[in-house]
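Here the structure is a predicted model, which means the values were calculated and not measured. Each chain gets a letter, A, B and so on, in the order the sequences are listed, and its residues count up from 1.
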Amino acid sequence: MRVTQGCFSFLPDLTDEQITAQVQYCLDKGWAVNIEFTDDPHPRNTYWEMWGLPMFDLRDAAGIMKELAECRRVYGDRYIRMSGFDSAHGWESVRISFIVNRPKDEPGFRLQRQEVGGRSIRYTTVSYAVDRPEGERYGDGA
Amino acid sequence: MSEPATQPPKEEAAKPPVSIDLRKEFEAVEIEAVLAQLDQELIGLVPVKTRIREIASLLLVERIRQKMALATTFPTLHMSFTGNPGTGKTTVALRMAGILHKLGFVRRGHVISVTRDDLVGQYIGHTAPKTKEILKKAMGGVLFIDEAYYLYRPENERDYGQESIEILLQVMESQREDLVVILAGYADRMEKFFQSNPGFRSRIGHHIDFPDYSDAELLKIAELMLQEQNYKFSPGARAAFENYITIRKSQPLFSNARSIRNALDRMRLRQANRLVADLDRVLTADDIMSLEASDVLASRVFSKA
Ligand SMILES: Nc1ncnc2c1ncn2[C@@H]1O[C@H](COP(=O)(O)OP(=O)(O)OP(=O)(O)O)[C@@H](O)[C@H]1O
Ligand SMILES: [Mg+2]
């Protein structure tokens, strides 16, 4: 199951050229660009690990694309996303975020039903991937 | 929100033109204005200006070669500026970035100016992130490394500078299209630095040497600086300043145009003091603009001589 979230989730995965253009768009707006990764695809997992520090005060996307390449080299088997943080007063939040890397195989989610008092049912989603320990969830952990 | 980057329909690869109107190309990049500004705002420096014109011509031709699909490699644009303090290296680096940008050899045209402390860390593992951070900031523009030889400290073989040098060398080679590095410093020490780091020398496409200014040029620089700030020398002050230049040059820590700028700042201070000392007079614009001989002659430079 192809996990989608953030901007452009309705599009096919962006090419590097398209990612570069989006990153440049963020920089031209004065936003700090961050790279984050995770191997826990649950939609409520909002806090991903950061790759390095937020990148403030850059003018050109080339340096960020270099970092993305580095991140993919190390965590290419996981989800990687980029976000643009707007530090302007009144915003002070993420303005854009999109996935730039995903595991080769995405096993998807199991829906669990828990029967509780009366005829009620509680639902919860669990990704098959998290059955395995962190770092070994996709592929052979490479 | 940002519009999704949709893929433009792949055009038929346009055939490279077989002939090109040189004047049109030249005018299109609007470098003449930058070069003229350089001529105007910088006194003297004839060899430097000549070299910059040569480089600009070379790059213009290179650009045309790219258009005609004749260019085979991306030109090496990294440079080294050698010369004594205050000879205009930083100023020219800023202009250079503008020229490179106009010609399309750097994408943004900003300058990040650094010295050893900005690149080299204090402890193990500190240097690489620091250097990379600066490199990221310089991407698309010019990285200006002042007194570059401080990166290399042969007397300490565990010096972290070496780590920074290695990262720089790698990026200068592999990301030539993403940034231009300009190294600056005194000629003799740069020479030694290049001798011990041949990797740098081989990556540098252009060496430009900045000569010291003559007395006459320094005077002209002073007058230009004053004019920019709406000040001027009275005839007496001008004569005194000529004298000042001769004496100051022979004293230690002389740094060409920068010494002139500092001297003028102090003279403006003395002029203001002089004016305020006599509150009961009516001042004309001319009084306020003029530096008098006494403002110059009160300098310590004369008492030391
Ligand atoms: N030829 C010139 N005409 C007018 N002003 C000049 C000229 N050369 C330098 N200046 C002025 O002198 C000051 C010092 O110049 P700059 O900082 O470019 O020197 P530098 O060679 O980088 O010195 P350092 O080696 O000490 O860094 C600047 O304020 C600059 O505007
Ligand atoms: Mg300087």
Side-chain angles (χ1 to χ4, degrees), chain A residues 4 6-35 50-71 73-74 81-86 91 93-100, chain B residues 1-11 74 77-78 94 97-98 100-101 104-114 118-119 121 125-144 164 166-181:
Chain A
T4 59
C7 300
F8 322 124
S9 56
F10 50 91
L11 292 176
D13 288 342
L14 302 184
T15 63
D16 276 8
E17 200 182 328
Q18 291 166 333
I19 296 172
T20 308
Q22 293 303 337
V23 169
Q24 192 59 49
Y25 174 87
C26 294
L27 295 181
D28 291 345
K29 292 269 179 188
W31 304 340
V33 176
N34 310 284
I35 300 177
M50 278 206 73
W51 174 262
L53 298 171
M55 292 175 267
F56 288 101
D57 303 328
L58 304 196
R59 296 283 302 274
D60 189 84
I64 294 171
M65 293 308 287
K66 191 95 174 147
E67 288 290 344
L68 175 59
E70 256 319 92
C71 183
R73 202 173 53 76
V74 181
R81 74 180 173 198
M82 284 194 169
S83 59
F85 178 83
D86 184 352
W91 278 101
S93 67
V94 169
R95 298 284 297 270
I96 185 175
S97 148
F98 50 97
I99 292 183
V100 291
Chain B
M1 272 286 123
S2 79
E3 57 280 8
T6 48
Q7 264 178 332
K10 279 262 178 289
E11 292 166 36
F74 196 84
L77 296 171
H78 306 309
L94 289 169
L100 292 172
H101 181 50
F105 286 89
V106 294
R107 286 189 295 272
R108 328 250 155 240
H110 60 299
V111 177
I112 300 288
S113 185
V114 299
D118 302 295
L119 295 167
H126 192 201
T127 300
K130 247 182 128 167
T131 301
K132 285 183 184 163
E133 176 84 24
I134 296 287
L135 283 167
K136 266 184 274 177
K137 288 195 174 146
M139 287 291 155
V142 170
L143 176 63
F144 182 78
S164 187
E166 273 151 32
I167 297 171
L168 285 169
L169 287 178
Q170 207 210 328
V171 169
M172 283 168 80
E173 189 63 40
S174 66
Q175 292 193 274
R176 275 190 295 168
E177 296 171 34
D178 292 325
L179 91 164
V180 169
V181 176

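- Not counting sequence neighbours, the partners of A:N34 by the side chain to side chain donor-acceptor pair (under 3.5 Å) test are A:S83.
- With sequence neighbours excluded, no residue satisfies side chain to side chain donor-acceptor pair (under 3.5 Å) with B:E177.
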Atom pairs and distances, donor-acceptor, side-chain atoms in residues 167-176 of chain B, under 3.5 Å, two or more places apart:
| from | atom 1 | to | atom 2 | distance (Å) |
| --- | --- | --- | --- | --- |
| B:E173 | OE1 | B:R203 | NE | 3.4 |
| B:S174 | OG | B:Q170 | O | 3.0 |
| B:Q175 | NE2 | B:D178 | OD2 | 2.9 |
| B:R176 | NH1 | B:F74 | O | 3.2 |
| B:R176 | NH1 | B:T76 | OG1 | 3.3 |

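- Between B:F144 and the choices B:V180, B:I112, B:V111, the side chain to side chain contact (heavy atoms under 4.5 Å, CB included) rule is met once, by B:V111.
- The SG atom of A:C7 sits 8.0 Å away from atom CD of A:Q22, with the distance rounded to the nearest 0.5 Å.
- With a 4.5 Å cut-off on side-chain heavy atoms, A:F8 and A:Q18 do not count as touching.
- Under the 4.5 Å side-chain criterion, counting only non-hydrogen atoms from C-beta, A:I99 is not in contact with A:T4.
- Counting only heavy atoms from C-beta outward, the side chains of A:M55 and A:I35 approach each other to under 4.5 Å.
- Heavy-atom distances place the side chain of A:Q24, and not its backbone, under 4.5 Å from chain B.
- Residues from residues 132-142 of chain B that place a non-hydrogen atom less than 4.5 Å from a non-hydrogen atom of chain A comprise B:K136, B:K137, B:M139, B:G140, given in numerical order.
- Residue contact with chain B, scored on non-hydrogen atoms closer than 4.5 Å, is absent for A:K29.
- Within the 4.5 angstrom heavy-atom criterion, no atom of A:F98 approaches chain B.
- Both the backbone and the side chain of B:R108 have a heavy atom closer than 4.5 Å to some heavy atom of chain A.
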